[in-house]
Amino acid sequence: MCGIVAYVGHRQASDVILKGLKRLEYRGYDSAGIALLNKSLTVYKKKGKVSDLENFIKGQNLTSHIGMGHTRWATHGEPNDENAHPHYSATKNLAIIHNGIIENYSSLKQELLRKGHTFFSETDTEVFIHFIEDIKENVGCSLDEAVRLALTKVVGAYAIVVMSFEEPDLLIAARKGSPLVVGVGKGEFFMASDATPIIEYTNEVVYLNDQELAIINKGKLTIKNTANLPLTPYIQTIDLELEAIEKGGYEHFMLKEIFEQPRSIMDCMRGRMDSASGRLTLGGLREYINKLVNADRVLIVACGTSWHAGLVAEYFFEEFCRVPVEVEYASEFRYRNPVIREGDVVIAISQSGETADTLAAIELAKSKGAIIFGVCNVVGSSIPRTTHAGAYTHAGPEIGVASTKAFTAQLTVLYMIALIVAQRKGTISEQKYHEMLVEMENVPSKVEKALKLNTQIQIIAEEFKDARNFIYLGRGYNFPVALEGALKLKEISYIHAEGYPAAEMKHGPIALIDQEMPVVVIATKDGSYEKVVSNIQEVKARKGRVISIVTEGDTLIPKMSDYVIEVPATVDPLMPLISVIPLQLLSYHIAVMRGCNVDQPRNLAKSVTVE
Ligand code: G6P
């Protein structure tokens, strides 16, 4: 979390930085700040969003060819002006922006306080820049050497950029555990948490690796690691269109991303699958696919919505591949002593590819000898670079903080992986395999059809927008969808919502049901249909208000429901790709009607790079 941008070159630095920060606001929006260098090294910072910072600096002389900016997701210290980044060093000759946590900052701070330093914020970051300056003065070395030495003494995660009043053409960046990309333009350089602030100017980038420093000095980029070993910058050309990161006429990114799903699911399958010939290939898996085919057990690690994708995958991996699957919250997995045996394979699912807990879970599993597969959306992010094999979801940039199109793309990739494995193992019949491919190819048009329910869902949202609680119920493949529906509503509308396996309701949540309680039941025609009908009757008997998601043409459930949303039919395992659509739209409309900031819900961030 936290977004960082820096620029040096012939443009007005503040323009590049402010625009870039807006693109990175999905990473945090508690405060924003910018440092520019003209007659002095000046820091402007403000609690709130980048637009608040823009209002604050209106009328100031922002002329500068070099600068850096930050949008914060608070960890140390409440979100206020003082704790906002950039932070100055003691002499104010240096400034820093930082994404991550310096875990040993407290002992460093004590040492610096003893030396007479004064701190103006409660942040670990301010301590860090004082520490760097202290080293520079004591050792009498260059700034990049002082940064390097400081990095060898700090514990924690960081992506930082440092600039200096005394060296007006110098930017120093470093990373460990938090992402950082350097953009290489013609006579100009960019640094950012991801490529979105950069692609407007150049598509040549260098992804910094952990424990590496990038030093841009007088128009030259050098890279070395914290052990002081010089490295050759590996410049890559990225394929990212500007329009993919803009709203394209939609009111919110989230709505745009919901509506993009027919295309993103198609993009995910493009060139990888063909039902006519039965071809199904995922290039990134080839080398390690036998490990998955021969796996005794599959462990799936993920967080948030990606964890829900993992839960759906558990159902179809077990059904198609006949292999035991365990789905783990990455944050829990890493803090116990999990049993990982030879023959176990781990699949890590992450939209951002940067989630700290997922990364740590991967490291743990790797250290115990497991083979790791990644299913990620952001190309070049940390997880795909640490896993043995994997497949990208190719959903395009997801900017709305609540995940939508990444979820359906993750499922699409996971279905493809499961089908490849099942076919190789011989645990799926040729007929079923073929049926699955055909049905997968039909999914984009069915999602398109489900999206046509938008207006109807808006009307239902109007009815329930003032509810204080919601229950979501589903069984089988639709149980994880119920969890995902409840999470979407919580995240963006701040209404308390719980997802439950429909049959489990009678063991607790049924006590909550009265005429005030909206109950969303995902009741499509599948193996558990009859049972779900009984569950709906149990809710109705207690006067709950039922909103049912049913398969088109269903005549039974509409009779017992207050509201009915009909979605196109598909085979059971693929239904989550379709049944989740109305739930995304329902939460979106309710949140908009409640006046919530849909794309940037309070307290959340899209990329959670702290543990
Ligand atoms: C955050 C986001 C969620 C996301 C989760 C996992 O909480 O707000 O939308 O599902 O992180 O992120 P990942 O990038 O690993 O999928």
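Just follow the structure's listing: the first ligand is 1, and inside any ligand the first atom is 1. Numbers for residues simply follow the sequence, beginning at 1. Please read these numbers as outputs of a predicted model, since none were measured by experiment.
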(message) Tell me whether Leu604 reaches ligand 1 (any heavy atom closer than 4.0 angstrom to a ligand atom).
(response) no

How far is [atom] from its nearest protein heavy atom, and which residue and atom is that?
| atom | answer |
| --- | --- |
| atom 8 (O) of ligand 1 | Ala605 O, 3.0 Å |
| atom 12 (O) of ligand 1 | Thr355 OG1, 3.3 Å |
| atom 7 (O) of ligand 1 | Val608 CG2, 3.9 Å |
| atom 9 (O) of ligand 1 | Val401 O, 3.2 Å |
| atom 10 (O) of ligand 1 | Thr305 N, 3.0 Å |
| atom 6 (C) of ligand 1 | Cys303 O, 3.4 Å |

(request) Classify the angle between the aromatic ring planes of Tyr315 and Tyr477 as parallel (below 30°), tilted (30 to 60°) or perpendicular (above 60°). (result)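 Geometry flag for Tyr477 against Tyr315: tilted rings.
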
(request) Evaluate the ring planes of His70 and His85, with Trp represented by its six-membered ring, and classify them as parallel (under 30°), tilted (30 to 60°) or perpendicular (over 60°). (result)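 His70 vs His85 ring planes: parallel.
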
(message) Please tell me whether Glu439 and Thr570 have a donor and an acceptor in their side chains that are separated by less than 3.5 angstrom.
(response)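 The criterion, which ignores hydrogens and geometry beyond distance, is satisfied for Thr570 and Glu439.
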
(request) Return yes if a side-chain donor-acceptor contact under 3.5 Å exists between Glu363 and Thr386, otherwise no. (result) no

(request) Report the member of Glu354, Glu491, Gln351, Glu484 with the shortest heavy-atom distance to atom 3 (C) of ligand 1. (result)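 Closest candidate by heavy-atom distance is Glu491.
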
